[in-house]
Amino acid sequence: MADTPRNPGNGGETHQQADGDTAVLTTNHGVPISDNQNSLKSGARGPTLLEDFVLREKIFHFDHERIPERIVHARGSGAHGYFEATDDISDLSKAAVFTKGEKTEVFVRFSTVAGGAGSVDTPRDVRGFAVKFYSREGNWDLVGNNIPVFFIQDAIKFPDLVHAVKMEANSGYPQAGSAHDTFWDWASLMPETTHMLMWAMSDRTLPRSLRMMEGFGVHTFQLVNAEGKVSFVKFHWKPKLGLQSTIWDEALKLQAADNDYHRRDLFEAIDSGAFPEWELGIQVFDQKFADAQPYDVLDATKLIPEDDVPVRIIGRMVLDRNVDNFFAETEQVAFLPTNVPPGIGFSNDPLLQGRLFSYLDTQKSRLGTTNFHQIPINAPRCPFGNFQRDGMMQTMVPKGRANYEPNSLAEHGEEAGPRETPKGFATVNAATGADETGDKLRVRAETFADHFSQARLFYRSQTENEQAHIASSFVFELSKVGQLDQVPPRMVANLRNVDEDLAKRVADGLGIELPKKAKAAKEPVDMAQSDALSIHKNMKETLEGRAVGILIADGTDVGALKAVVDAVTTAKGKAVIVAPKVGGAKLSDGKVQKADGQLAGSPSQIFDAVAIILSDEGCAALQKEGAAVQWAMDAFGHLKAIGASHAAKPLLDKAGVEPDDGVTDLGQAFIGAAAKRFYAREPGVRTLA
């Protein structure tokens with residue numbers, strides 16, 4: 001078996017080299033590969049070179065290995081709207097889209113990443129946030145996510161990331177989730193993923209609504225003004241309704257209740273005239289600032305703290321029209337990172353650079369398949385092997401689940417696949433004649449080597465409850481690593497570089513000994529905590545855009561019901577009446593109140609707060625209804641405000657609802673509580689790592 005040396009002098013990435021009988025990693029045409037971790041650049045921090053045929057073939061094959069849906073971001077929701085520039089930034093950019101007062105038509109597609117087109121809306125997953133501006137100077141596609149950083153630093157690792165997180169190659173499951181062997185095997189071998197993992201394990205990946213999440217361009221881009229002056233820029237989308245998330249158990253039950261929860265929420269909000277809105281903000285900085293930072297601004301695993309460079313709001317985006325045909329619009333829209341108008345440019349971010357030419361599919365267009373190398377006239381006569389899979393006209397039958405690297409599958413007795421070799425192809429620099437010296441280099445700058453400082457910053461900037469959620473998320477996900485026993489300890493060893501308490505909580509939750517701390521390529525440093533990184537510290541105590549479920553039954557007091565509905569509506573919330581029967585319930589005045597939803601089909605997890613307005617007779621009846629008891633139990637367990645009439649108390653008692661600040665009568669105290677979550681109750685209703 002090949003050894004797996006970690007090279008501290010080259011950014012800390014793992015290089016696995018062939019020795020003995022281990023197969024050699026090659027291109028599809030049999031050329032041995034010497035470095036499968038870094039793309040070829042013009043200098044350590046220069047642009048990626050088109051000459052890099054290893055990168056181009058790997059990305060090209062990956063782009064076409066799934067048919068017919070998107071490889072990632074397959075499940076999406078789209079809407080039309082407009083962008084309005086509200087600030088003059090002509091000193092920074094000459095792009096017409098930024099002309100103050102200019103309105104530009106946009107189309108936005110939100111998406112999950114890991115699941116297929118037929119998966120669900122609410123898994124723990126990164127959300128895509130892609131905006132197509134139909135500007136008068138051509139389309140500008142700002143293709144981003146709801147998290148400002150990414151798993152990897154170099155685009156050459158993107159196929160490995162997606163292979164690892166997708167369904168396992170030998171079984172075809174799990175769908176739309178990262179809680180399995182291959183993802184955590186890969187992630188635990190890639191320390192650069194740690195910062196992104198903090199975000200992924202936080203509530204950021206469990207958004208309450210697409211309307212209540214931020215968007216980020218992720219990469220460092222450039223702005224260019226009319227005089228040719230260049231500035232660095234990061235793009236931010238800030239939701240008007242503020243940030244809001246669900247919690248894990250709630251997300252699971254939402255998945256069971258409504259697979260299309262986010263899609264439906266977006267469609268219905270626009271359909272009702274509650275148009276979602278975001279502000280576009282920018283962080284602008286120059287080379288002097290970039291050079292002064294302890295991290296590299298071209299590193300996509302890092303963010304620019306908002307405390308260091310405040311976000312400047314320059315425009316707003318409103319989505320005011322649903323699509324007319326889902327397939328024709330949402331499914332067929334194509335976002336290209338290369339679509340930029342004059343005034344916006346690219347930095348040398350190696351992840352961005354790889355995205356810029358990953359769409360080059362000349363051979364696919366000419367020969368009709370990414371597997372054109374398997375046509376006999378094109379096939380190499382020598383052995384070849386790599387981790388590229390599938391696609392049209394695939395005639396080979398790869399076995400096992402080793403379709404990514406680095407991996408440690410061989411430690412479990414599985415075939416681990418080929419490895420790069422020092423004898424592989426190496427670029428010769430024309431200026432010096434020396435291998436891998438001069439401008440053309442396969443290296444990663446040492447400024448990219450700090451994988452843990454910002455991960456530590458993120459974790460320590462969270463509230464205690466958010467930290468508990470992160471710890472619990474790691475425990476749950478790593479508990480699903482069923483066969484590769486070496487993976488959970490390796491991941492916990494990495495986490496010790498983030499926070500000792502976090503690592504201990506995860507180890508304890510998994511029931512394993514705390515492993516020795518993993519050696520960091522660059523020792524992390526403590527950074528000033530940032531409230532901007534926390535959902536809980538940025539939640540708005542408002543009912544606007546939120547829904548309140550109101551449970552009624554026969555005998556419910558008509559005055560009390562009207563008072564709650566009016567108060568919720570006045571607070572700009574949506575009051576949803578739920579009853580045991582579809583036809584509604586007969587109120588205290590003898591009239592039938594039609595329900596908006598039936599109890600069994602309207603669980604409390606689809607609401608942000610609940611009110612239970614019952615008579616003695618109605619309460620006695622609902623105590624015999626399992627759905628009613630569960631309705632109250634879940635609302636309490638999901639940390640939501642519960643307003644209840646005095647007669648409803650026996651139902652609350654049966655559901656295990658204990659008195660606290662979030663359990664109130666039906667007065668104004670309930671309206672104030674309804675906009676909050678009551679995290680102090682969490683340890684009593686859920687086991688936390």
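These numbers were taken from a predicted model, which means no experiment stands behind them. In what follows, every heavy atom counts, from backbone to side chain, and hydrogens, waters and symmetry copies are set aside.
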Is it true that [X] and [Y] make a salt bridge, defined as a side-chain N closer than 4.0 Å to a carboxylate O?
X	Y	answer
Glu466	Arg677	no
Glu214	Arg127	no
Glu500	Arg505	no
Asp121	Arg75	yes
Arg401	Asp181	yes
Asp608	Lys640	no

Would you say the ring centroid of [X] lies under 6.0 angstrom from that of [Y]?
X	Y	answer
Phe62	Phe158	yes
Phe110	His262	no
Trp184	Phe474	yes

Can you list the residues that meet the side chain to side chain donor-acceptor pair (under 3.5 Å) rule with Trp186, with sequence neighbours excluded?
none
Distance in Å, Tyr295 OH paired with Thr447 OG1, rounded so as to fall on 0.5 Å steps:
12.0 Å
Taking Asp258 for the side chain and Leu254 for the main chain, is one N or O donor matched with an acceptor at less than 3.5 Å?
no
Going by atom types only, do Arg444 and Asn38 share a side-chain donor-acceptor pair under 3.5 Å?
yes
If only side-chain N and O atoms count, and only distance matters, is there a donor-acceptor pair under 3.5 Å linking Asp249 with His638?
yes
When the ring planes of Trp237 and Phe129 are compared, do they come out parallel, tilted or perpendicular, using 30° and 60° as the limits?
parallel
Hey, mind stepping through Phe387 and His163 against ring pair (Phe, Tyr, Trp, His ring centres under 6.0 Å) and telling me if it holds?
CA-CA 9 Å; Phe387 296 102; His163 282 164; 8.3 Å; no
